[in-house]
Chemist: 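Encoded as structure tokens, here's the structure I'll be asking about.
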Amino acid sequence: MPKNLVIVESPAKAKTIEKFLGKDYKVLSSYGHIRDLKKKEFSIDVEKNFEPDYEIPEDKKALVKTLKSEAKEADTIWLASDEDREGEAIAWHLYEVLKLEPENTKRIVFHEITKTAILKAIEQPRNIDINLVNAQQARRILDRIVGFELSPVLWKKVKPALSAGRVQSVAVRLIVEREREIHAFQSEASYKVTAVFLVPDADGKLVEMKAELARRLKTKAEAQKLLESCQSAIFTIEDITTRPVKKSPAAPFTTSTLQQEAARKLGFTVAQTMMVAQRLYESGRITYMRTDSVNLSEYAINGSKEAITNMMGDKYVHSRHFSTKTKGAQEAHEAIRPTYMENAQIEGSAQEKKLYDLIWKRTIASQMADAELEKTTATISISNASETFNAAGEVVKFDGFLRVYRESYDDDVEQEDESHLLPPLKKGQKLEYQNITATERFTQHPPRYTEASLVRKLEELGIGRPSTYAPTISTIQQREYVEKGDKTGEERSYNVITLKKEKITDATRTEITGAEKAKLLPTDTGTVVTDFLIQYFPSIMDYNFTASVEKQFDEIAEGDTKWTTIMKTFYKTFHPSVESTLAAKNAHKTGERSLGNDPVSGKPVSVKIGRFGPVVQIGSAEDEEKPRFSPLKKGQSIETITLEEAMELFKLPRTLGEHEGKTVTVNAGRFGPYIYYGGTYTSLPKGADPMEIELDEALELIKEKAEAEAKKHLKKFEGEPELEIMNGRYGPYIAYKGSNYKIPKDIVPEDLSLDACMEIIKLQSEKAASAPAKAKRGKYAKKKA
DNA sequence: CAGTGAGCGAGCTTCCGCTTGACTT
């Protein structure tokens with residue numbers, strides 16, 4: 001019978017630790033928090049010193065029961081939750097809920113999961129730090145107050161079911177403001193001049209050498225003048241400088257940097273990265289994946305050293321300790337690293353292998369020597385102009401960590417590739433040009449946020465925690481404040497002036513610019529809500545709000561300030577602003593914009609956020625006649641739509657005429673334009689204009705659809721009305737009780753018997769069940785209303 | 001992946017941080 005009960009936060013951790021501690025110890029997990037404010041209620045008694053009303057959530061009741069009975073059996077209970085604010089609170093809630101006694105309860109912490117670290121922790125138990133617990137309660141209660149008081153304001157003033165919070169609202173603000181910056185951006189043109197010189201290499205063979213003019217030229221006239229000077233110029237190597245450059249490896253991964261690199265190098269979404277990392281953690285391949293620490297244990301540093309020595313030799317080793325620069329980091333865990341550095345590869349799914357490989361390389365590289373490079377720059381003078389060209393080359397003298405890992409950068413910066421060697425050059429050497437080109441270039445607007453770059457920005461501002469980055473990104477998309485989408489580029493023409501064989505030619509070329517993929521774009525709702533919150537609750541929307549309340553939580557943790565004092569001060573100004581905002585009577589709805597008057601009826605036309613999203617409205621609710629509404633089309637926005645565009649929207653639905661006593665109309669729906677006739681809907685073919693289509697064309701389309709529909713039903717069986725063999729877009733399939741099952745290619749669907757169908761269904765449902773990765777609904781899966 | 005398209009209006013919606021479940025017999 002074990003005499004000791006140890007409680008940690010994560011079950012994977014419990015399993016590992018139990019092995020270290022032997023049979024006198026039983027190790028269980030709390031699975032995070034076991035108690036929280038009530039889910040549906042405010043649960044804070046403001047009058048009674050902000051007293052919180054905690055409850056054990058339904059899905060934790062069984063667990064708590066188990067923990068209680070195990071605790072009763074044990075002589076000593078060791079609360080070993082993480083050493084941070086949340087961990088301390090978990091320990092305290094356990095203590096309260098399990099009704100533990102001070103005599104036999106001990107609080108311990110460890111930073112790395114090794115036998116020595118744990119045994120050492122057991123030798124140094126302490127008491128629960130109630131100040132730290134209170135700092136957590138203050139954090140929790142403040143977030144509840146902000147969330148549960150602001151959200152209802154939005155329900156009333158903007159749209160039901162919206163939400164606001166300390167983290168999510170600021171995340172949306174970042175995206176809204178970036179979009180405005182982009183719209184206000186004026187790009188500036190300049191001319192980049194590049195030259196290709198022909199230079200003899202070591203064997204005397206002529207090779208090309210690229211050089212760039214030291215500065216960009218502002219105007220076309222300037223560029224032309226320079227090329228004219230170059231026509232008859234002599235080019236001389238004026239100077240050659242060589243300097244050594246050292247590059248150092250990046251720190252090991254935290255949650256945020258892992259998410260960023262996995263997005264750039266593997267194309268993973270933030271949620272995908274976390275799901276794959278979770279599996280690697282649970283199978284014991286990597287350390288804990290939700291961390292803000294770059295620290296590696298001595299064990300990991302030694303393991304890396306050994307792995308590097310074995311694989312590449314001593315000279316590649318350089319053991320390093322990294323320190324965190326992140327605001328508000330709590331460092332309860334190690335950096336994300338392989339559990340065993342000697343495992344360069346693992347078994348698993350393709351995604352698991354790729355992510356593990358990334359983690360292994362990053363960790364190993366962080367313990368490797370600097371890369372030593374030699375950068376050579378040659379300055380080339382032009383005999384009849386004061387400008388100079390620069391040719392740059394780079395040689396790797398010692399690859400160091402670059403042998404295994406190179407950090408990626410966001411693709412928004414044009415990276416010049418300098419990783420090439422210059423041919424042998426001498427000072428005073430004369431050069432022949434092959435061609436010199438002046439190309440018009442434009443300054444770029446700041447890039448839109450990706451999931452990963454938003455995480456980086458939030459971390460930089462100290463907003464959110466490793467465990468919430470992925471859920472936050474999912475929430476702001478679920479609320480339809482932002483959407484992930486592509487921006488198609490615009491065509492732009494630019495000048496290219498070329499000098500070749502003493503002849504100057506001038507050409508205009510076109511390029512597609514500004515195309516962006518999978519970027520976060522604000523919706524109208526996101527923009528309106530952000531503007532509203534900034535106007536009425538500027539302090540909550542301030543980028544420094546979190547940082548400043550964190551400072552106060554630190555004071556609570558240090559025991560310098562009472563947590564209720566801080567809550568009182570906050571509530572004293574926050575709550576009245578909620579009350580006054582709710583009470584304010586506005587002439588127009590939040591975010592409403594007037595477009596002018598309907599040229600036909602003279603009634604006012606406006607756009608606003610309606611019950612189901614952005615709408616145009618003709619007339620007002622006070623009019624005798626009801627106002628007319630139309631939702632905005634995809635791509636239109638409240639901020640930019642014109643009166644003409646808005647009036648276009650009211651031209652649908654359009655009645656085409658009658659057919660056999662029933663009317664035929666065209667309308668635009670969520671999935672594009674369609675024809676409605678006698679209870680059936682027929683989509684218009686791609687590119688067809690609902691404003692142009694005639695009655696006879698429409699009837700033809702309806703007929704075609706009916707024919708296709710008839711061909712869809714291949715076979716039915718008497719005994720099983722719920723089963724049908726159908727012909728779909730992707731070939732024949734079996735429809736059965738709301739699910740569909742593919743028919744293998746080598747089977748003629750018409751020949752299938754009922755039994756054969758059931759067999760296919762059985763086989764495919766088994767397959768789905770045995771592939772949990774696919775069947776498992778994503779934790780951050782988008783829920784559609 | 002396998003087809004979608006409507007609109008009375010009562011009642012509900014919501015926060016941030018910890019952590020992974022997995023009802024058949």
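All chains are named by letter (A, B, ...) in the order of the sequence lines, taking the proteins before the strands, and each is independently numbered beginning at 1. Here the structure is a predicted model, which is why all the values come from computation and not from measurement.
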Chemist: Hey, is the side chain of A:Gln136 poking within less than 4.0 Å of OP1 or OP2 on B:dG17, counting only N and O atoms?
Modeler: no
Chemist: Find which nucleotide of DNA chain B each of A:Ser10 and A:Glu550 is nearest to by heavy atoms, and output the residue with the more 5' nucleotide.
Modeler: A:Glu550
Chemist: Could you check whether A:Leu162 gets within reach of a base, just the sugar-phosphate, or nothing at all, counting any heavy atom under 4.0 Å?
Modeler: sugar-phosphate
Chemist: For A:Trp92, does the six-membered ring have the charged nitrogen or CZ of A:Arg35 within the cation-pi criterion, i.e. under 6.0 angstrom from the centroid and within 45° of the normal?
Modeler: yes
Chemist: Once you round it to whole Å, what is the distance between C1' of B:dG17 and CZ of A:Arg166?
Modeler: 9 Å
Chemist: Could a donor-acceptor pair under 3.5 angstrom be found where the side chain of A:Arg139 meets the base of B:dC16?
Modeler: yes
Chemist: Select one nucleotide: of B:dC18, B:dG5, B:dG17, the one nearest the side-chain heavy atoms of A:Ser683.
Modeler: B:dG5
Chemist: Taking all atoms of both residues into account, what is the closest heavy-atom pair of A:Val170 and A:Tyr543, and its distance?
Modeler: CG1-CD2, 3.4 Å
Chemist: Less than 4.0 Å between a side-chain N and a carboxylate O, is that true for A:Arg107 and A:Asp129?
Modeler: no
Chemist: Between B:dT20, B:dG7, B:dG5, which nucleotide gets closest to the side-chain atoms of A:Met289?
Modeler: B:dT20
Chemist: For B:dT19, take OP1 and OP2 only and decide whether either is under 4.0 Å from a side-chain N or O of A:Tyr288.
Modeler: yes
Chemist: For DNA chain B, whose closest nucleotide is more 5', that of A:Arg35 or that of A:Glu149?
Modeler: A:Glu149
Chemist: Of the nucleotides B:dC16, B:dC18, B:dT14, which has the atom closest to the A:Ser151 side chain?
Modeler: B:dT14
Chemist: When you check the gap from the basic side-chain N to the acidic O, do A:Glu18 and A:Lys15 get nearer than 4.0 Å?
Modeler: no
Chemist: Roughly how many Å is it from CD in A:Gln168 to P in B:dC15, rounded to a whole number?
Modeler: 5 Å
Chemist: Ignoring backbone atoms, establish whether A:Arg465 has a side-chain N or O less than 4.0 Å from OP1 or OP2 of B:dC15.
Modeler: no
Chemist: Give a yes/no on whether any side-chain N or O of A:Thr468 is located under 4.0 angstrom from OP1 or OP2 of B:dC16.
Modeler: no
Chemist: Examine B:dC18: is either OP1 or OP2 under 4.0 Å from a nitrogen or oxygen in the side chain of A:Arg140? Give yes or no.
Modeler: no
Chemist: With respect to the phosphate group of B:dT13, does any side-chain polar atom (N or O) of A:Lys40 fall under 4.0 Å of OP1 or OP2?
Modeler: yes
Chemist: Between A:Arg290 and B:dT20, does any side-chain N or O lie under 4.0 Å from OP1 or OP2?
Modeler: yes
Chemist: Measure the distance between the ring centre of A:Trp155 and the centre of the six-membered base ring of B:dT14, then answer whether it is under 5.5 Å with planes under 30°.
Modeler: no
